[in-house]
Protein chains: 2
Amino acid sequence: MGQTDTVTRILDTAEVLFAERGFAETSLRHITSKAKVNLAAVNYHFGSKKSLIQAVFARYLDPFTERFHAALDELEARYAGGVIPLEELLETMARTVLEVPAERNSLKVFMRLLGLAYSQAQGHLRRYIQSEYGSVFSRFTELVRRATPDLPDAERFWRLHFMLGTVIFTLSGLDALRDIAEKDYGEHVSVRDLVRRLRPVVVAAMSAPLPEAAIPAAEAS
Amino acid sequence: MGQTDTVTRILDTAEVLFAERGFAETSLRHITSKAKVNLAAVNYHFGSKKSLIQAVFARYLDPFTERFHAALDELEARYAGGVIPLEELLETMARTVLEVPAERNSLKVFMRLLGLAYSQAQGHLRRYIQSEYGSVFSRFTELVRRATPDLPDAERFWRLHFMLGTVIFTLSGLDALRDIAEKDYGEHVSVRDLVRRLRPVVVAAMSAPLPEAAIPAAEAS
DNA sequence: TTATATTTGAAACAGCTGTTTATCATCAGG
DNA sequence: CCTGATGATAAACAGCTGTTTCAAATATAA
């Protein structure tokens, strides 16, 4: 039982329980007992529950941002100076998202955590993720901007978040949806299947016609 | 201070706090103190915290299902026997969703609650909503099926959930997104604006080309 | 080895959780 | 008036929460 073994076991157990039940609903005692680790170990190694939550995210997001930056570097080099097509950008992001947790075969956990990060109150989490990993997202959106020059900035902003919602919602609730789909359509759906289905939808959504001009609300409607 | 005034004040306060902080993070004491109501009143009138949560949803979903059924009745009558176009179906759903909470100008709360219902663990909530309000959704999807006869059943199932994710994710995280959009693009976004932007995206997503056929995973990839 | 730091362990801490109990006020119908 | 039911109130309940404390164990370095 090495020195950092305790840390790893806490993280491994915590991420699963967090993904299953949320942050507030998961107690440190639940984590430590399931991880067969002393209760005080969490506060000793991580300082607080909040820091533990952030550490769980960092273990996914650190390698993700590293790989994603590298992949974007490679992409920019390949299209030296030119514009990277939207499909390539989306494809690269999808590939990176799939790669990272594959090392611990836990894409489901990763996606569920991302969903929780957005939906749970936990203001500290959103702030932490934004300040720590916001720059990769900015770089990506800037490349998307160049790939979709006809889209007004605000429209692109909203559509990117529409698609973020699609992906996170679907993949974080994947187990429940998969059960229904399997029962109703007798079809087993893998994550790669889902990504395959997502691709044309996302592309179509991003290149949809612009909405009709806003109608200024009448004084008395 | 009438007889059911306490009940209403509990519900009004609870829905706001639940929407802001989630269910587990909102204590009964927080609700009752802010509602200026005795702590025991919750258990007296609702029985338990779980039942209070369900009551909060029922106050939105009961009028919603009633109006939505009525709207679909009217729509089916108008297209007597024929197929209702997809745009009409989406339009009707959007209108009904917007109408219901408008009476208490709290669409944001309504959407946030829906988002929580999906993302929070709270298994009892999903089961409650499914068993109590699942039939409206079934009726709607059946009409969508007739409106999109070329779409394979499984594909339509997934795309509907993609779009559900888009809407719930966007509208439930609306405040945060709106702040960013306003800061970056100096543009104030109303909910009706957002619905206007959503329309072409949803239509395009539902009518996107089918994904390329699945590639059976090679034995050794 | 001894000395020093790092990591575990069991127990206790104060505070908050949902729920229950028992007492009190209010108001209806007889 | 009295009676009985309904609702409000304060207090207590047992249980769980994150965190701290301090002693024991272990590893590291000299």
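A note on names: the letters A, B, ... follow the listed sequences, proteins ahead of strands, and every chain is numbered from 1.
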Length of the line joining F46(B):CZ and dG7(D):C1', which is rounded to integer Å
14 Å
Rounded interatomic separation in angstrom, taking NE2 from H30(A) and P from dC16(D)
13 Å
Consider the side chain of N38(A), meaning its heavy atoms from C-beta on, and name the nucleotide among dA10(C), dT19(D), dA12(D) that approaches it most closely.
dA10(C)
Looking for any heavy atom pair under 4.0 Å, which part of the strands does S51(A) touch: base, sugar-phosphate only, or nothing?
nothing
Distance only, no hydrogens: is a donor on one side chain within 3.5 Å (strictly under) of an acceptor on the other, for Y133(A) and D62(A)?
yes
Any side-chain N or O of H45(A) less than 4.0 Å from the OP1 or OP2 oxygen of dT8(C)?
yes
What is the distance from CD of E25(B) to C1' of dT17(C), rounded to the nearest Å?
13 Å
Distance below 4.0 Å between T6(B) side-chain N/O and dG7(D) OP1 or OP2:
no
Applying ring pair (Phe, Tyr, Trp, His ring centres under 6.0 Å), name anything that partners F46(A), two or more places apart in sequence or on another chain.
none
Sequence neighbours left out, what passes salt bridge (Lys or Arg N to Asp or Glu O under 4.0 Å) with E74(B)? Give chain and number order.
R78(B)
Nearest-Å distance, NZ (K50(A)) to P (dG18(D))?
14 Å
Can a side chain N or O of S27(A) be found less than 4.0 Å away from OP1 or OP2 on dC16(D)?
no
Does the R9(B) side chain pair with the main chain of A35(B), one donor and one acceptor, at a distance under 3.5 Å?
yes
Counting only side-chain heavy atoms from C-beta out, which of dA11(C), dG7(D), dG18(C) sits nearest to Y44(B)?
dG7(D)
In this structure, how many angstroms lie between the P atom of dT6(C) and the CG atom of D5(A), rounded?
19 Å
Separation of dG18(C) P from L17(B) CG (nearest whole Å):
12 Å
Can you tell which of dT20(D), dG18(D), dG18(C) lies closest to the side chain of K49(B)?
dG18(C)
OP1 or OP2 of dT19(C) less than 4.0 angstrom from a side-chain nitrogen or oxygen of N43(B), does that happen here?
yes
Let me know which of F169(B), Y118(B), F162(B) forms a ring-ring contact (aromatic ring centres under 6.0 Å, His included) with F169(A).
Y118(B)
Distance-only side-chain donor-acceptor flag, S106(A) / Y60(A), under 3.5 Å:
yes
F23(A) and F18(A) aromatic ring geometry - parallel, tilted or perpendicular at 30°/60° bounds
perpendicular
Rounding to a whole Å, what distance do you find between L52(B):CG and dT17(C):P?
15 Å
Which part of the nucleic acid, if any, lies within reach of T32(B) when heavy atoms closer than 4.0 Å are counted: base, sugar-phosphate only, or nothing?
nothing
Please give, in whole Å, the distance from dT9(D) P to I10(B) CD1?
11 Å
Using Watson-Crick and G-U wobble pairs with both distances under 3.5 Å, what is the 5'-to-3' dot-bracket string of DNA chain D, with [ ] for crossing pairs and | for pairs outside the strand?
|.||||.|||||||||||||||||||||||
